[in-house]
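A short worksheet on the structure shown next.
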Amino acid sequence: MLKQMAQMENNGKKLMSLLKKRGYIQPAFELYGGIAGLYDYGPLGGRLKSNVNKMWLNHWIALGNIVEIDSPTITPKEVLMASGHIGAFNDFASECKSCNSIFRSDHLLEEIHPNPDSLSQEDLFSEFENNLIKCPTCKSSKWSIPQPLNLMFSTTIGASKNGRTAYMRPETAQGMFLQFPTISRFFRGKLPFGAVQLGKGYRNEISPRQGIIRLREFNMAELEYFIDPKKSTSHNLEIWNDTLLKLIPDGSESKQKELETTIFDAVKNGIVKHETVGWFMIKTYELMIDLGLNPEFLRFRQHEKNEMAHYATDCWDLEIFGSYGWIECVGIAHRGSYDLEAHDKFINTNDLKIWRDFETEKVIEKTVCSPVQSVIGPKFKNYSKAISEKLLKIKNIPESFPFELEVGEETFLIQKEMVEIKDIKTVDRGEWFIPHVVEPAFGIDRIIWHILEHSYNEINKKDDENYTILSLNKKIAPLNFAVYPLYEKDGMKQKADSISQLLREVDGISVIYDGSKSIGRRYARGDEIGIPFAVTVDLQTIEDETITIRYRDSQEQERITVSELLDFATKIV
RNA sequence: GCGGAUAUGGUGAAGUGGUUAUCACCUGAGGUUUCCAACCUCAUGUCGUGGGUUCGAUUCCCGCUAUCCGCACCA
C-alpha cells in the first residue's frame with residue numbers, strides 16, 4: 001500500500017496533463033490568462049460531473065424520506081447575519097495608506113498584544129495608532145480602519161443605488177434551513193426527514209491551491225437530516241458488520257491512533273457519539289465505493305474538540321488519499337439545533353419548529369381568580385389590563401372581599417363582583433421544539449478529483465512505453481461505448497454507424513464513433529479517457545450480426561450478437 | 001498574503017540579443033494495413049501579459065497574471 005501511495009503522488013502531474021489534454025478539467029478563462037481557483041469541466045468532465053451528481057442524488061433519495069430542493073445562490077445579507085456567516089467570526093484586515101498593501105490586523109499586532117484575535121474593530125485601530133505599527137512592505141505607519149475580511153463574494157440586488165446587499169452563498173445548507181417550513185409540511189411534520197441540494201458554493205479564498213481541491217467557485221452537495229433529539233433512533237448498523245472502517249478518533253491523549261472497526265462497534269463503544277452520524281458515515285462510505293474510490297484510501301477523522309464549531313456535538317471528516325495527501329472530501333456533523341435556532345431568533349413563528357405529543361397528557365387543574373372585564377374595565381380604565389393580568393396570577397385565592405391588590409406602585413380595592421372564582425382544567429398535550437440536524441456535506445470537485453486519481457493506471461504493454469487506462473466505474477464514465485470499424489471500407493463504416501445509433505437510443509447511454517488510425521491506437525485513445533466498452537465491427541459483423549466487445553480493464557474481447565449488445569447496454573445505467 | 005521556483009504548439013520538452021524558433025507525441029488529410037499507440041507522404045498549430053533597456057527582446061531588467069513547493073489561511 002505504501003508503494004501504491006508513493007506512486008499516486010507521482011501520477012498527480014501526469015494525470016492533470018491528461019485531463020487537460022483530453023477535456024476533463026482545465027483552468028478557466030485560460031485565454032485571458034486564467035483566474036486562480038476557477039476551473040472548467042470540459043466535454044468529458046461535464047458529463048462525469050453530472051453522472052457523479054446523479055449517483056449521489058439517487059443514493060440519498062432511495063432512503064425514502066429525503067427530498068431534493070434547489071435554492072438561489074444569491075443570498076441576502078440578513079440570512080447570512082442570522083446564520084453566523086457575517087459578524088462575530090470575521091477577521092479584520094488593515095490597509096497601509098501609503099503602499100496599499102493589505103494585512104491581517106491581528107497578525108501585525110502579535111508582538112504587542114497577547115491575544116489580538118479577540119480585539120474589536122475600534123480596539124484594533126487604536127492599538128495600531130498607539131504602537132505606531134509599521135507596514136512590513138514600506139515601513140509607513142499610516143493605516144486605514146480595519147475592515148472585516150470577508151471570504152464571501154458580495155453583490156447588490158437591484159440595479160439602482162439603493163439595492164439590497166447580498167452575497168454568493170458560501171454553502172448550500174441555508175437553502176434547506178430556509179425551506180424547512182415547506183419540507184416539514186411536505187412530510188406532514190413527521191420526523192425524521194431530510195432534504196438535499198446540489199449546487200455551487202462560493203468562497204473568496206485568499207490563496208486557492210492544489211488544482212480543483214480548493215476552488216473559489218465549487219460544486220457541493222449537502223444533506224440536512226432533521227431528527228427529534230428526544231426520540232431514540234433505530235438504525236440497523238449490524239448489517240454492515242463485514243465492513244471495516246478506518247477511523248481516527250479525536251484523541252489528545254491517545255495521540256490520534258488509527259483504528260479499524262465496524263460502524264456498529266464504533267457507535268456501541270461511544271467513539272462515534274450519535275447513531276445517526278454513524279449511519280451516515282457508513283452510507284457515505286457505501287456511496288464512495290459505488291463511485292469507484294479505492295477503500296484502502298478512505299478514512300474517517302474525528303474533529304478535535306477545539307477544531308469543531310462550537311455548536312456541533314460530533315463531527316467526522318471523510319478523508320481520501322491522493323497526490324495531495326489525505327484530503328477531507330465529506331464532513332458529517334451533528335449540528336444540534338444551531339442552524340434552525342439561529343433563524344428562529346430572527347423570525348417570530350413556529351414554522352421552524354415541530355410539534356411533539358407528550359406520551360401522557362399533562363392535566364393541570366387549578367383555581368383562579370378570573371377577572372370580570374365588564375366591571376373592571378369601566379371602573380379602572382387604563383389600569384384594567386394590568387389588574388386583570390395580576391388577578392389571574394394570584395395563587396392564594398382570597399377568602400373575603402374586598403381585598404387589596406398591588407399593581408406596580410398602585411394599590412386597588414377589588415370587590416366581590418369584579419371576580420369570579422373558577423376551577424380551570426388545562427391539558428398539555430405536547431410542545432413545539434426545534435429539531436436537531438445531522439449534516440453530511442460533500443465537496444463534489446474533490447470527490448471527482450480522487451475518483452480520477454484512483455482510476456488512473458499505467459501498465460507496461462510492451463517495452464517501456466506506459467499505457468494509460470482510466471478505470472472509471474462504468475456507471476459514471478462520461479462515455480459508455482466506443483464503436484470502431486476495423487477499417488472504414490467494405491461496408492464496415494456503415495455497419496458501425498448503424499450500431500452506434502442503435503446504442504444511442506438506449507436511455508442514458510453515450511457512444512462515440514471513431515474510425516481513424518489503427519485499431520490499436522483507437523483502443524488506446526478510448527482506454528485513456530476511460531470508455532469501459534469498445535465495440536469492434538469487422539467483416540464477420542456484416543455476415544452474421546455479431547460484434548466483438550472489448551473490456552477496458554481486462555483488455556479482453558468476446559464476440560456477441562448485436563441484440564445481446566443492446567441488451568447489455570440497457571443494464572449499465 | 002509571505003518566501004522560493006517556474007511560464008515556449010493540444011501534451012511533454014529543447015534552444016537563442018539578429019532572416020522564417022526546434023523536437024517527440026498528439027491532431028487532420030491521403031496511402032498502406034483484417035484486432036491492441038505499426039509504416040509512408042503531406043498539413044495545422046507555440047515563446048503568458050504589460051512596460052523598460054536595445055538598431056533589434058522569446059532571450060536581459062521590472063510590474064502584473066497564472067502554476068508548483070513551503071508557511072499562513074480555510075475546512
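Quick note on labels: first sequence line is chain A, next is B, and so on, each numbered from 1.
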- Using the C1' atom on both, measure G15(B) against G4(B) and round to a whole Å. 25 Å
Taking C36(B) as the reference, what is the distance to C69(B) when you measure between their P atoms (whole Å, please)?
40 Å
Any base atoms under 4.0 Å from K14(A), or only sugar-phosphate, or nothing? Heavy atoms, all strands.
nothing
Atom CD1 of I212(A) and atom P of C68(B) are separated, to the nearest Å, by 12 Å
Scanning all shown strands, the Watson-Crick or wobble mate of C39(B) with both distances under 3.5 Å is G31(B)
For G56(B), the nucleotide meeting Watson-Crick or G-U wobble distances (both under 3.5 Å) is none
Between NZ of K13(A) and C1' of C69(B) the distance, given in whole Å, is 9 Å
Q.
Categorize R22(A) for me: base, sugar-phosphate, or nothing, with a 4.0 angstrom heavy-atom threshold over every strand shown.
A. nothing
The reported gap from CD in E528(A) to CZ in R22(A) (rounded to nearest 0.5 angstrom) is 5.0 Å
Here the distance between atom C1' of U27(B) and atom CD1 of I529(A), to the nearest Å, is 14 Å
Taken to the nearest whole Å, OH/Y202(A) to C1'/C74(B) is 19 Å
Worksheet item: NA contact type, Y484(A), heavy-atom cut-off 4.0 Å: base, sugar-phosphate, or nothing?
Response: nothing
The reported gap from CG in L502(A) to CG in D497(A) (rounded to nearest 0.5 angstrom) is 11.0 Å
Partner of U65(B) under the Watson-Crick or G-U wobble criteria, both distances under 3.5 Å, comes out as A7(B)
Closest of C36(B), A37(B), U34(B) to the A524(A) side chain is A37(B)
Provide the distance between the two P atoms, one in U20(B) and one in A24(B), to the nearest whole Å.
23 Å
| field | side-chain N/O S518(A) vs A38(B) OP1/OP2, d < 4.0 Å | value | yes
Checking N1-N3 plus N6-O4 or O6-N4 for Watson-Crick, or N1-O2 and O6-N3 for wobble, each under 3.5 Å, the partner of G17(B) is none
To the nearest angstrom, the NZ-P distance between K489(A) and C35(B) comes to 12 Å
field: Polar pair under 3.5 Å, donor/acceptor by atom type, side chain R203(A), base C74(B)
entry: no
In whole angstroms, the gap separating C1' of U32(B) from NZ of K517(A) amounts to 13 Å
- request: Using the C1' atom as the reference point in each nucleotide, state the distance between G3(B) and U59(B) in Å, no decimals.
  value: 27 Å
Rounded to whole Å, CZ of R214(A) lies from C1' of C68(B) at a distance of 15 Å
Rounding to 0.5 Å, atoms CG (D40(A)) and CD (Q26(A)) come to a distance of 5.0 Å
Picking from A66(B), C68(B), G10(B), the nucleotide nearest the side-chain atoms of Y324(A) would be C68(B)
Classify the nucleic acid contact of G331(A) as base, sugar-phosphate or nothing, counting any heavy atom under 4.0 Å across all strands shown.
nothing
I'd like to know if Y487(A) reaches the base of U33(B) with its side chain such that a donor and an acceptor end up less than 3.5 angstrom apart. yes
Mind checking whether N11(A) and E453(A) have side chains closer than 4.5 Å, heavy atoms only? no
Discussion item. Applying a 4.0 Å non-hydrogen cut-off, can you work out what Q557(A) is touching in the nucleic acid: base, sugar-phosphate, or nothing?
Written reply: base
Quick note, K20(A) side chain, CB onward, closest among C74(B), C35(B), U11(B) is U11(B)
- Item | Euclidean distance for C1', G48(B) against A57(B) (whole angstrom) | 16 Å
Here the distance between atom C1' of C36(B) and atom CG of D514(A), to the nearest Å, is 14 Å
For U27(B) and R521(A) - does any side-chain N or O of the residue sit under 4.0 Å from the phosphate oxygens OP1/OP2? yes
Across every strand shown, the nucleotide meeting Watson-Crick or G-U wobble geometry with C47(B) (both distances under 3.5 Å) is none
>> Is the distance from the ring center of Y24(A) to that of W449(A) below 6.0 Å?
In response: no
Pairing partner of C26(B), by Watson-Crick or G-U wobble and under 3.5 Å for both distances, is none
Assign each of S17(A) and D527(A) the nucleotide of RNA chain B bearing its closest heavy atom; nearer the 5' end lies the nucleotide of S17(A)
Handout entry: Rounded distance in Å between the P positions of C61(B) and U53(B)
Key = 16 Å
By nearest-nucleotide position on RNA chain B, the 5'-leaning member of R446(A) and R525(A) is R525(A)
Would you classify G443(A) as touching base, sugar-phosphate or nothing, given that sugar-phosphate means primed atoms plus P, OP1 and OP2, and contacts are heavy atoms under 4.0 Å? nothing
Could you tell me how far G28(B) sits from G10(B) if I compare only their C1' atoms? Round to whole Å. 13 Å
Pairing partner of G70(B), by Watson-Crick or G-U wobble and under 3.5 Å for both distances, is C2(B)
| Which part of the nucleic acid, if any, lies within reach of R209(A) when heavy atoms closer than 4.0 Å are counted: base, sugar-phosphate only, or nothing? | base
Exactly one candidate in N457(A), D527(A), N460(A) meets side chain to side chain donor-acceptor pair (under 3.5 Å) with Y467(A); the answer is D527(A)
Between D514(A) and the options R525(A), R521(A), R522(A), the salt bridge (charged side-chain N to carboxylate O under 4.0 Å, His left out) test singles out R525(A)
Pairwise P distance, C60(B) and C2(B) [rounded to whole Å]: 24 Å
Examine distances only and state if a side-chain atom of K246(A) and a backbone atom of E296(A) form a donor-acceptor pair shorter than 3.5 Å. yes
